[in-house]
Structure formats: structure tokens, C-alpha cells
Undergrad: 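My questions will all concern the structure given below.
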Protein chains: 2
Amino acid sequence: MSRAAQQPPAARPTLEAVAARAGVGRGTVSRVVNGSSKVSAKARAAVEQAIAELGYVPNQAARSLVTSRTDAVALVIPESVAKLSSEPYFSDIITGVSAELADSDLQLLLVLVRDEHERERLSRYLTARRVDGVLLVSVHQDDPLPELLERLELPAVLGGRRSERETLSYVHADNAGGARAAVRHLLSRGRTAIGTVTGPLDIEGAAARLAGYRQALAEAAVPADEGLVAHGDFTERGGREGMRELLARRPGLDAVFCASDLMAAGALQALREAGRRVPQDVAVVGFDDSVVARHTEPPLTSVRQPIEETGRLMVRSLLKEIAQPGRFRRQTVLPTELVVRESS
Amino acid sequence: MSRAAQQPPAARPTLEAVAARAGVGRGTVSRVVNGSSKVSAKARAAVEQAIAELGYVPNQAARSLVTSRTDAVALVIPESVAKLSSEPYFSDIITGVSAELADSDLQLLLVLVRDEHERERLSRYLTARRVDGVLLVSVHQDDPLPELLERLELPAVLGGRRSERETLSYVHADNAGGARAAVRHLLSRGRTAIGTVTGPLDIEGAAARLAGYRQALAEAAVPADEGLVAHGDFTERGGREGMRELLARRPGLDAVFCASDLMAAGALQALREAGRRVPQDVAVVGFDDSVVARHTEPPLTSVRQPIEETGRLMVRSLLKEIAQPGRFRRQTVLPTELVVRESS
DNA sequence: AAGGCATATGGGAGCGCTCCCACCTCGATG
DNA sequence: CATCGAGGTGGGAGCGCTCCCATATGCCTT
């Protein structure tokens, strides 16, 4: 007796069981569960009571099998460049995405792609259409994923874009504008020899920040000097090395714009190491206005971009695209804002 | 013609189609796909070729319907306390979990629980058994989720534990030991009036850190002084306020152990504000050895706990529990390590 | 009073898969 | 040479649901 009781972990009731209990047909129960309006008040009440009594919960697999919807979307984060934990960008994206998704009935699948092998796995997964849509952040120029998404006609929204002629939907911050504001700010502080440490230029956002830097200088009629441009990779180490390079090439520089806060933190280290005072000798500006910006010594002036908001908007675009797959691009650009602190 | 070609997005081939093409029965194809050994080499070759030619990918929903496995696990993060982005702990857990999951065929569902309403949703989700297992971090004393997991007999592993008599499987760091090491270190530096800012004590890890602090003092025969204990909540602000409180109550204190780096960063602010030098006047030690520890001024001495490893081990335990649901607890404690920097 | 229409309802068919059982081959055995 | 079992194989049944069509019900129109 006790054996029998413990063996089957309380088989879940089915639609059919609910129908029987409520004294209606399967169709009616299905209609109630899915919120159809074409059900009489009486039938609805009976069904709802039966559902409550039985503790009925729909079986998603069965539903999915017939509707071929999965009620899940994937957030894909290529982790090739930065570690999740050191790059606050990803955490904020996740927060925004999750928050916006909470009101829908969609589940969030998190997929970190570390290497070729894992990308392969993801491709198979997407080909199997195991999700209704995909959010993809930190896209590289030659990333094969966006193309795959287009080919599969899978609803997708990018965080960032591959180029200015992006064919997929995307949401991103006004990187060029933000960089421009940063450099103008440095100019307004009387700085003239302004260097920059870029991010990986195969990410359009990084390229746009470099372009913004150049624009601002050009507007101010400051002659271009490629010796003032060092290439980083968004990491702290990259920032440190980029800064050292700049100092070696142009010892007289009096300001630097870094394409990320993490790199700016690295730059601060290199400057300290070289005995330069910040901001007296060299002013520093970062990008992202992440947690680190407030904790460096001195705290960083930085370009704030609304990352969490980016995640939210990505979801909103994706939901629309899923609702009506008439794939028309939805491309959103969010404004940035300069936050001035002691480093400039 | 062109219309017809564009309408159906290339209906995916089914098991049946593969079987027809390979000239075998459905059963054989299923056996090949699922790696059964009871298939002749010839049949296997034929099936594999057909799969390749047709680009067949199994339909997970159909499979799930009959096996009632979902091939997905959920990582549940209650976001009530800290924001994902300011708390590097979560990012590292995610990284570890995702890495360890990559080799299995399980998908990672990320569920951030912000409020009662979302917890409700999660409960329904779990009741529907939409995942094969659950990873739950940052458990509170009175969190109803662990109980639900036990009731549902859903494989689950906690990051941390509810109490010392935890009945579920868990993985966590040796919090008490880490705190003890931190305080001993301060004692060895000649500090005697050592305060602490605790985390939320309904999290066992935070309580254990406080206990470790007390143990170390007791061992050294330092009389207990409740005036040296302030309560925080793991946030920077909490650390700042806790430190202010301590300074007000015990102006003569010469060291403080904070239960998280973020709180230590806040404490540094309060100390600066009060004109105390670190470490000359007051030594500071944090916990976690997160990114912020390296960026504060001065950089923080901190207790390193292997967070990513925690995530990995949680997954390993969960996989075992899923494989053989004979629910026997697997409880792992990981060592911590003191990292000494300039703040002490 | 008969017909017409909108609204509700029941239930068959079928989604793509795994499970399992019946069957079919062969080589080994008595 | 009949018998047996092990290894392979085909395919029926059925997982729980939605879709859709046939049918029923009630009320308004002429």
C-alpha cells in the first residue's frame, strides 16, 4: 500500500480529466485555458473550478508539438572577447531582457558561446527551431550567426549591428554621438593632444566610437594624428597596454578617450605607472558609465549608455517580430549622456 | 510558382521521412538518433546518410511529449537583494553553470525573480515540470522555493544553504572559515578593535561570516563587543551606512571586516568622509575578491571564494541527481583563500 | 410559424516522437 | 536436420494538446 502510494509521483491531470470533471468537451477546456472569448460564462466557471480542484497545468510539450511554438527566446552572448563578470554590459542586458520578458509568457534561454564547438551546437539548436526568437548581443562583423538567423527566417533582434546597412532589427546606443560628446568635453577643458584607445573594431559600436572621436576633432579643426590612436579590446589589460603605447608614441598627450570604462581603468594604471597625474597632466574619459567608473581613482568621467533599456527594447522589438513575422526591420538608436567626474 | 516557393518555410523533415529515405522503419531511425547499440552497421550508415541529406533535426517537443523530459534546467536568481550587474557573484555563477552545462545536452533557462508575482509564475512553471532540474542561488531562510522543490521531488541544487541542517543538495564556500582567516589576518597586523559589517543574516552565508568573525575574536580572547557589529545588506550603500554607524558608536576602532567587497567599497567611502586613512588608521577587509576589490582606493584585501567553480559543481551535482532521482543529498563545501592587498 | 444567423460546443484527426512487442534472420546447438 | 536463442527490425499505440469541422442552441427577422 505504502509502496504503491509512493511510486507514481502524482500523475498530472490532463486536459481530458479537466473536461470530464467540468462536464464539458476538450475543446471548451482548451478555449478557456487559452482565453478564447467564445465560451459561455457557465462553461467557463465550471472549467475554471475543475482546473483549480485538479491543480491542472497545461503540458507545454504537447502544446508545442501542435502549435510549433516553444514560448521561449534565446539570449545569445558570444563570450569570445570579454568575460561575463568583468563586463557589466552583459549583466545589464540580461537584467533588462529578463524584466521585459517577465510580463510575457516567454521563457529566457541564456546561451553563452565560447568557441566554435558551442557555436555549432547553437546552430543546430536554432535550426531545430527550439526557440521562437533570438536576441544577439556583441555582434562581430564576420559573425556567421546573423546570417543563419536570416536564412532560417527566425525572428531576431541584435544588440548593436554589423554595419550601417544592417538588414536585421537592432537596438543600440548612439556610439558616435557619445564619443563626440566625450571628445568635445575634453576640448572644452582646453585639452588639445587627445588620444584614444579603441575597442575591437570588428564590432561596429567600437568603430563608431572611433569615428565619433575623429569627427569631434575634425569639427574643432584639430589635425588628425594616427599616432594618437591605439587599439584595445575592451579589457582592462588592453586599456593598460594601449595607454602605454600612446605614452611611448606621444609623450605630450594631455587627454585620452577610452572606448570602455574597463579600458579606462587600465589606462589609469598605465598613467600612474608613468607618473602622470589624472586629471592634471592627462584627462581620462571612459564609456559605459559602469560600476567601475565610480570606483577608480579618480572616478571616471564616462559616457553613459542605457544598457538595461537596450535589453528591454530588444525584447519589445522581438515580441513584435514574433507576433507578425512580416520581417520588417525595427532599428532603434538610444541617446547617450556624458557623466562628468574627477578624471577630466 | 514563386509564391508557392516562398510560402512554406521548408517544412522540416520528420523521423518518418528519414526512415523512408533510408529504407528502414521508424524504430531503427529512432535507435540511431538516440545512439542505441542494437542497430546493424549497414542500417546505421543508411540512416546517417539520409539524416545528412535531409538535414533532419529531431523535434524536441514530440520527444519531450513521450519521454516527459525537457532537456533544460533552470538557474533561479532571486533579485530581491542585489542587482545582477552590481553583484559580480551572479555573473560568475552564470559563467560556471553555463560552462559546465555546455558538454551536456541540457539548455540553461535563466529565471530572475524580482517579486512575489514572478515567484508565483515560477512556481507554476516548476509545477508544470517544464525543466528537468533547478539550480537556486542566494537562498533566504524563509524562501518558499526550496520547499516547493522538495514537494515536487524536482532535482535541485542550492548555491548556499538554508541552514546547517539543509536537506537539499548544495554547494557553497567555507564562509565561516574565510571570515575567520580575514579576522586572524587583521589580528596578526596588530589590530584589536575590529568591527564588522554583516550581510543580510537571513542568508546563511552571511550569518556564517559573522559567526567566523566572532570565532576568530573568541579564539584570540578578544572580548565580544556588539557595538562593533553593524548590519548591512551586501550593497555599497549598506556598507557605507554600516561603517558610519560603527564610527559613531566606536570611534576608536582600527579595523573592519565587511561581508562583501561591495560593502567594503562603501565602507571606504565612509572612512574617507570621516577623515580616516586606510590602512593606517583603519584596516579594511572585504569578501568575494570581486572585480571591485582591485579597483578601490586602496585596493581591498579580500576573501576569495571560488564562485565560478561553485556554479560548475552545482551543475555536476544536479546532473547526477537527474540521472538517478534517488534523492540523496550531495553537499559540497569549497575552501576560501585570503588575498592581501593594500587596505590592510 | 418557419427560416436564418451568430454563438457555443463536442470530438475526430493528427502533430512527431519513443516504447514496446511481435516477428524475422541466422548461426550455433543437440 | 529440427530447435533454439540472440540480435535486428518494423510498426502499432499513445503521449496531451490544438485545430477545425460538424452540429446544437437560442434569438431575431420576415
Side-chain angles (χ1 to χ4, degrees), chain A residues 8-48 50-51 54-72 105 124-125 127-130 132, chain B residues 8-48 50-51 54-72 105 124-125 127-130 132:
Chain A
R12 290 169 48 200
T14 68
L15 231 210
E16 190 111 34
V18 175
R21 174 142 198 153
V24 300
R26 286 196 332 278
T28 301
V29 177
S30 178
R31 259 158 270 174
V32 170
V33 170
N34 293 292
S36 156
S37 59
K38 303 184 171 317
V39 180
S40 68
K42 194 170 124 238
R44 162 165 287 121
V47 170
E48 275 165 354
I51 287 177
L54 261 39
Y56 169 74
V57 193
N59 179 318
Q60 174 62 21
R63 177 180 285 172
S64 190
L65 180 56
V66 38
T67 60
S68 61
R69 277 182 293 102
T70 63
D71 291 324
D105 282 307
R124 244 175 300 132
Y125 196 80
T127 306
R129 298 203 155 248
R130 302 253 323 246
D132 293 342
Chain B
R12 288 171 49 200
T14 68
L15 231 210
E16 190 113 34
V18 174
R21 174 143 199 153
V24 300
R26 285 198 331 278
T28 301
V29 177
S30 178
R31 261 160 255 156
V32 171
V33 169
N34 292 294
S36 158
S37 59
K38 304 187 172 313
V39 181
S40 67
K42 193 170 124 240
R44 164 165 286 119
V47 169
E48 276 166 355
I51 287 177
L54 261 40
Y56 169 73
V57 193
N59 180 318
Q60 173 63 21
R63 176 181 286 172
S64 189
L65 180 56
V66 38
T67 61
S68 59
R69 277 183 292 101
T70 63
D71 291 324
D105 282 309
R124 245 174 300 132
Y125 195 80
T127 306
R129 297 204 156 246
R130 301 252 324 246
D132 293 341

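Every value quoted in this text rests on a predicted model; they were computed, and no experiment measured them.
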Undergrad: How close or far is atom P of D/dC19 from atom CG of A/N34, stated in whole angstroms?
TA: 7 Å

Undergrad: What is the distance from CD of B/E16 to P of D/dT9, rounded to the nearest Å?
TA: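 Roughly 18 Å, once rounded to whole Å.
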
Undergrad: Can you measure B/N59 atom CG to C/dG14 atom C1' for me and round it to whole angstrom units?
TA: 13 Å

Undergrad: Could you tell me how far apart B/K42 (NZ) and D/dG8 (C1') are, to the nearest whole angstrom?
TA: 11 Å

Undergrad: Between B/L65 and B/G23, which has a closest nucleotide on DNA chain D that is more 5'?
TA: B/G23

Undergrad: In terms of side-chain heavy atoms of B/L15, which of C/dT18, D/dC17, D/dC15 is nearest?
TA: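 For the B/L15 side chain, the nearest candidate turns out to be C/dT18.
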
Undergrad: Is a donor on one side and an acceptor on the other found under 3.5 Å between the side chain of A/R12 and the backbone of A/V57?
TA: yes

Undergrad: Specify the separation, in whole Å, of atom CZ of A/R130 and atom C1' of C/dC17.
TA: 13 Å

Undergrad: What nucleotide, of C/dT9, C/dG16, D/dG16, holds the atom closest to the side chain of A/T14?
TA: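 Side chain of A/T14 sits closest to D/dG16.
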
Undergrad: Between B/T67 and C/dT18, is there a side-chain N or O to OP1/OP2 distance below 4.0 Å?
TA: no

Undergrad: Do any side-chain nitrogens or oxygens of A/S40 fall under 4.0 Å of OP1 or OP2 in C/dA8?
TA: no

Undergrad: Find the distance A/R26:CZ to C/dT9:P and express it as a whole number of Å.
TA: 16 Å

Undergrad: Determine yes or no for a side-chain-to-main-chain donor-acceptor pair under 3.5 angstrom, with A/R26 supplying the side chain and A/L15 the backbone.
TA: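 Such a contact is absent between A/R26 side chain and A/L15 backbone.
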
Undergrad: Atom CD of A/Q60 to atom C1' of D/dT18: distance rounded to whole Å?
TA: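 Interatomic distance, CD of A/Q60 to C1' of D/dT18: 12 Å.
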
Undergrad: Using heavy atoms to find the nearest nucleotide of DNA chain D for B/V39 and A/P58 separately, return the residue whose nucleotide is more 5′.
TA: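 The residue whose closest nucleotide sits nearer the 5' end is B/V39.
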
Undergrad: Rounded to the nearest Å, what distance is computed from the CZ atom of residue B/R31 to the P atom of nucleotide C/dT18?
TA: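 Checked: the CZ to P distance equals 11 Å.
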
Undergrad: Does any non-hydrogen side-chain atom of B/N59 lie less than 4.5 Å from one of A/L65?
TA: yes

Undergrad: Per the side-chain contact (heavy atoms from CB on, under 4.5 Å) rule, which among A/V29, A/N34, A/V33, A/I51 passes with A/P58?
TA: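 So, applying the side-chain contact (heavy atoms from CB on, under 4.5 Å) to A/P58 and each of A/V29, A/N34, A/V33, A/I51, only A/V33 qualifies.
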
Undergrad: Quick one: label A/A43 by what it contacts on the DNA or RNA (base, sugar-phosphate, nothing), any heavy atom closer than 4.0 Å.
TA: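 The answer is sugar-phosphate, as A/A43 gets under 4.0 Å only of primed atoms, P, OP1 or OP2.
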
Undergrad: Under 4.0 Å between any heavy atoms, over every strand shown, what does A/R63 touch: base, sugar-phosphate, or nothing? Just pick one.
TA: sugar-phosphate

Undergrad: Please check this pair: side chain of B/R69 against backbone of B/D132, looking for a donor-acceptor N/O pair closer than 3.5 Å.
TA: no

Undergrad: With a 4.0 Å limit, can you tell me whether A/S30 has a side-chain N or O closer than that to the phosphate oxygens OP1/OP2 of D/dC17?
TA: no

